[in-house]
Amino acid sequence: MLILVVVAMMTMMTVNAQSLTGRTYYNANILAGELNKKLKEVDQKIPEIKAKGYAEFEKKNGRKPTAAEKAKLEKEINEKVAQAKALAKGASTAITVEFKTEKNAVMKADMKISEDAMKAAGIGWLKRKALKAALAVAPSSSKATYVVKGDLIILNDGEEKDTLRLSSDGKYLYGKFEKDVNFKLTRTK
């Protein structure tokens, strides 16, 4: 048992002592897993959403909805869910972290939303064009300095700090996007 602990500690020290210079980590869509999870949650809540819709109808109209009114409500709910799914499938956020020197890194983000996905989600022409224009002028890369503390890599772009965790084998970087969204970047070189 003691031998395993010593080997594990030596492995960690070796990974941590290795230079990150020249390494690149990448994920084609850091939000894919989270979006799929949210869509599954929505699918599970559809019966609850329908029941709420029926209750609101009854409260507003003072009577239970007819079969035709229930069908109309269910159609609207199904359309909204289909729109959300289309948008989720057509949106991606790729992240790349390149370690240029012992202290400097470049972080790149490539956010895309397909025209077809926006159309399927019911987004009008003007909003689609505005969204595409906003994405086109958004900064796609940012220079940062970094420090390594154990398996933590703290990146600072001058405005905010991002903390990533290096896997023990050095193949992955783990991080958080917002509070609840975890992501993994895979070493590509």
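Only this structure's heavy atoms are used, side chains among them; waters, hydrogens and symmetry mates stay out.
- N29 approaches N27 most closely through the heavy-atom pair N-OD1, 2.8 Å.
- Separation of atoms CZ (R187) and CG (L173) is listed at 10.0 Å; rounding is to 0.5 Å.
- Between D110 and K112 a salt bridge is recorded (basic side-chain N to carboxylate O distance below 4.0 Å).
- Closest of all the heavy-atom pairs between S141 and V106 is CB-CG1, 4.2 Å.
- The minimum heavy-atom distance linking A28 with S92 is given by the pair O-CB, 4.2 Å.
- Under the 6.0 Å distance and 45° angle rule, K184 counts as a cation-pi partner of Y172.
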Atom pairs and distances, donor-acceptor, side-chain atoms in residues 68-76, under 3.5 Å, two or more places apart:
from, atom 1, to, atom 2, distance (Å)
E69, OE1, R63, NH1, 2.9
E69, OE1, T66, N, 2.8
E69, OE1, T66, OG1, 3.3
E69, OE2, R63, NH2, 2.8
E74, OE2, Y54, OH, 2.4

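- Salt-bridge annotation for K37 and E34: present, with a side-chain N of the basic residue lying under 4.0 Å from a carboxylate O of the acidic one.
- Note on V148 and V97: same hydrophobic cluster, where clusters join Ile, Leu, Val, Met, Phe, Trp and Tyr whose side-chain heavy atoms are under 4.5 Å apart, directly or indirectly.
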task = Applying side chain to side chain donor-acceptor pair (under 3.5 Å), run through D169 and S167 and close with a yes or a no.
result = CA-CA 5 Å; D169 60 6; S167 65; 2.6 Å; yes

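- Taking the six-membered ring wherever Trp is involved, the centroid distance between the rings of F183 and Y174 does not fall below 6.0 Å.
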request  = Show the numbers, then the answer: is there a side chain to side chain donor-acceptor pair (under 3.5 Å) between E98 and T24?
outcome  = CA-CA 4 Å; E98 296 178 48; T24 300; 4.5 Å; no

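- A continuous path of hydrophobic side-chain contacts links L135 to L87 [ILVMFWY only; heavy atoms under 4.5 Å].
- Under a hydrophobic clustering in which Ile, Leu, Val, Met, Phe, Trp and Tyr are joined whenever their side-chain heavy atoms come within less than 4.5 Å, directly or via other members, I46 and L39 fall into different clusters.
- Side-chain contact between R128 and W125: present, with at least one pair of heavy atoms (C-beta onward) separated by less than 4.5 Å.
- The main-chain N or O of E160 is found under 3.5 Å from a side-chain atom of D157 such that the two form a donor-acceptor pair.
- Remark: K89 NZ is loosely packed, at most 12 non-hydrogen atoms of other residues, nucleotides or ligands lying under 6.0 Å away.
- One finds the OG1 atom of T163 at 5.0 Å from the CD1 atom of I154 (value rounded to the nearest 0.5 Å).
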